[in-house]
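Each remark here refers to the structure printed beneath this line.
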There are 2 protein chains.
Amino acid sequence: MMKRQYPTLAEVAKVAGVSLMTASRAINNRPGVSPEKREDILRIADEMGYVVNRAAQKLSGARTRIIAVVAELHTPFTSDLVLGMGAVARAADYEMLVYSLPVCDRRPPGSILDLLHQIADGVIVILPYESDYLESVVSAHIPVVTIEQGAVSAFPSVTADNYQGAISALQHLIELGHRRIAFISGNDRLTSARDRRRAYRDILAQARLPYDPDLEVAGDFSRKSGFEAANKLLALPDRPTAIFAANDISAYGAIAAIREAGLSVPGDISVVGFDDIPIASQLHPQLTTVRQPLQQMARASVNLLLALVAGLDAPSEQIVLPTQLIVRESTTPLKARKRKDEAVKVGVGR
Amino acid sequence: MMKRQYPTLAEVAKVAGVSLMTASRAINNRPGVSPEKREDILRIADEMGYVVNRAAQKLSGARTRIIAVVAELHTPFTSDLVLGMGAVARAADYEMLVYSLPVCDRRPPGSILDLLHQIADGVIVILPYESDYLESVVSAHIPVVTIEQGAVSAFPSVTADNYQGAISALQHLIELGHRRIAFISGNDRLTSARDRRRAYRDILAQARLPYDPDLEVAGDFSRKSGFEAANKLLALPDRPTAIFAANDISAYGAIAAIREAGLSVPGDISVVGFDDIPIASQLHPQLTTVRQPLQQMARASVNLLLALVAGLDAPSEQIVLPTQLIVRESTTPLKARKRKDEAVKVGVGR
DNA sequence: TTGAAAGCGCTAACAC
DNA sequence: GTGTTAGCGCTTTCAA
């Protein structure tokens, strides 16, 4: 079918009456072309509708000024992060391509990373794979930056301080007088989830609160898992007065369950989330949560990647960005008169 | 820096003791290779970790089995659609790359489309551009399918039946006895938004209801715009008893405003949305809305594109998929004793 | 069934 | 400052 619609650099050069290389230099803004010729060539290229062919560019060993991002795009957190990265990349005159990972797979098809390598100058991998697997696949073909891998990563990485963030959330609950604090975990294949869980256990020990396995319920960052986890907690004979959920989405799931049980947030149970997704400040109740520095993470990861692309050595740099507790409506001091023995009606998910 | 880490086809061929072309034929599953050689070559390629270089493949005029999607990824609707497309593409043994459009720009950087053309076999463009602009940029270089362009599109397109969907939503409200029905519009640069608006005006005429310009408030599909639009409506001397919002997100914004004003949904005002995003069945109140056939749209658009890629002529095919009214909790029959003159407290958005 | 040659569009390296 | 050459990895001819 229709091919060769775009003029080639050779055609531009011919029209401009110069050699291919002169045209190339002019187009790429390289030294070694007289100002007049350069201007001439650029004008002609523009008139002819010339567009550089990135495949050819890449094939001949040059940079394409494209970066790629591999991510699971199904959560507000990751999509906002990706949006932010795109903006940063564009500001640096790079384009960004996204590979949206199938949600349930445990590891990325190796061929995808290969594919991206062939097109892009560098890749940012968000989330969920074991570092050693990534390593075996990528093995230094092109620069890679990971997000959320945490300290185990063999790659340069950018991550939020999940541990300290969780600590501050839990400390907030303790300061409010809560003693029976439950934790709804995230998907433990993610370092971020593991860090938040670790903080939960550490803070209990630190505050000399008993660790009750019943209060630590498995979740997977989904709304549904938060809903179900909360129902388990509500069914306990001695239910918690506060819940720390591993992310905002599951926190809202928990809140839904609490309300269906006829209880109120924060009146009966305080809830803290993690991430500070946009709707956390819009939905009722506005959620007390730990803000991840999304924009900074986007900026840091892209800049780190571009530095690597530029050949600057930043060997295995691990950037950890601070998180921030945002106190809103979903938490409140523990009431002195705790109604311990109130009957609990357990709702059922849809 | 590190280059040529991947073995080339030539190297595989040499190890296998065959010519480059024989290896190519074997790898690409083409006829013209003896079964034994084919097996041999495939085994060796696998052992050597051979991966086809798509840039080279594309450059030499072949298919890459990659499709690209251009979309604004900031809404649940588009990201879910993209997710669905990815699944369909993978099922057809294609990979899919996403270009995430900067949200506020009115038109896509032409260079992006060019870029994608150089990598992919075809492109799906979701949303927001004037068809004529797209046309001027793309001009038949490679197959393009558009989503949401509606009838004006010069390209093959897939779209939900926005007009009929809106009609059914409004008819539902009328059947419930509502007479003062407001409309919070979407971003009118989108055909989908224009179709929904058209349905609003048509249904009023059809039901012999007066058209009151005050009841038609401009929105842009965002939660905030829904919130503000609802506040305007609540401030009217004779406020509406029902609101049709152009999408779910702005419907929830409207609901938030109504509640802040001390009124209830659907008790005082019924609200209908559009899209049926996942949380519409989870948030309180569960939203009455018009479901867009997301999976079907994903399937139809990818299949249409792949057909075009395969060279099948489907010239300017316009696929319109049916929508479906989903009645949930946010709508209720108009109360006979309408409290017309109740004082309205107007909240202010954050 | 196989292979050799040419070229896709570009850039790096080395001329002049 | 400018041009020539070679080659990136692959596929399409076309010839054996």
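Chain letters run A, B, ... following the sequence lines, proteins first, then strands; residues in each count from 1.
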Whole Å only: how far is the [atom1] atom of [X] from the [atom2] atom of [N]?
| X | N | atom1 | atom2 | answer |
| --- | --- | --- | --- | --- |
| B:Leu9 | D:dC10 | CG | P | 5 Å |
| A:Lys58 | D:dC10 | NZ | P | 15 Å |
| A:Leu20 | D:dT4 | CG | C1' | 10 Å |
| A:Lys14 | C:dC10 | NZ | P | 14 Å |
| A:Arg65 | C:dC10 | CZ | P | 17 Å |
| A:Arg63 | D:dC8 | CZ | C1' | 16 Å |

Counting only side-chain heavy atoms from C-beta out, which of [options] sits nearest to [X]?
| X | options | result |
| --- | --- | --- |
| A:Met21 | D:dT4, C:dG3, D:dC10 | D:dT4 |
| A:Thr22 | C:dG9, D:dG3, D:dG9 | D:dG3 |
| A:Ala56 | D:dT11, C:dC10, C:dA4 | C:dC10 |
| A:Leu59 | C:dG9, C:dG3, D:dC10 | C:dG9 |
| A:Ala62 | D:dT11, C:dT11, C:dA4 | C:dT11 |
| B:Arg25 | C:dA12, C:dG3, C:dC10 | C:dG3 |

Taking 4.0 angstrom as the limit, do A:Arg43 and A:Asp40 come out as a salt bridge? yes
Looking at B:Ser19, does any N or O in its side chain come under 4.0 Å of the phosphate oxygens OP1/OP2 on C:dG3? yes
Measuring to OP1 and OP2 of C:dC10, would you say a side-chain N or O of A:Ser24 lies under 4.0 angstrom away? no
Partner residues of B:Asp220 under the salt bridge (charged side-chain N to carboxylate O under 4.0 Å, His left out) criterion, sequence neighbours left out: none
Under the salt bridge (charged side-chain N to carboxylate O under 4.0 Å, His left out) test, residues paired with B:Asp80 that sit two or more places apart: none
Need the bend value for the helix from C:dT1-D:dA16 to C:dC16-D:dG1: angle between end axes, 5 pairs each end, nearest 10°. 40°
Starting at the 5' end of DNA chain C and moving along, which residue's nearest nucleotide shows up first, B:Gly17 or A:Asn53? B:Gly17
Can you find a pair of side-chain heavy atoms, one from [X] and one from [Y], that are under 4.5 Å apart?
| X | Y | answer |
| --- | --- | --- |
| B:Ile126 | B:Leu81 | yes |
| B:His117 | A:Val51 | no |
| A:Val98 | A:Met96 | yes |

Scan residues 22-31 of chain A for pairs that pass side chain to side chain donor-acceptor pair (under 3.5 Å), counting only residues two or more places apart or in two chains. A:Ser19-A:Thr22, A:Ser24-A:Asn28
Just checking A:Arg299: does its CZ atom have more than 12 heavy atoms from other residues, nucleotides or ligands closer to it than 6.0 angstrom? no
Once side-chain hydrogen bond (donor to acceptor under 3.5 Å, both in side chains) is applied, do any residues pair with A:Gln292, and if so which ones, sequence neighbours excluded? A:Asp275
How far does CG of B:Asn53 sit from OG of B:Ser60, to the nearest 0.5 angstrom? 9.5 Å
Contacting residues from residues 27-46 of chain A, given that a heavy atom lies under 4.0 angstrom of DNA chain C: A:Asn28, A:Arg30
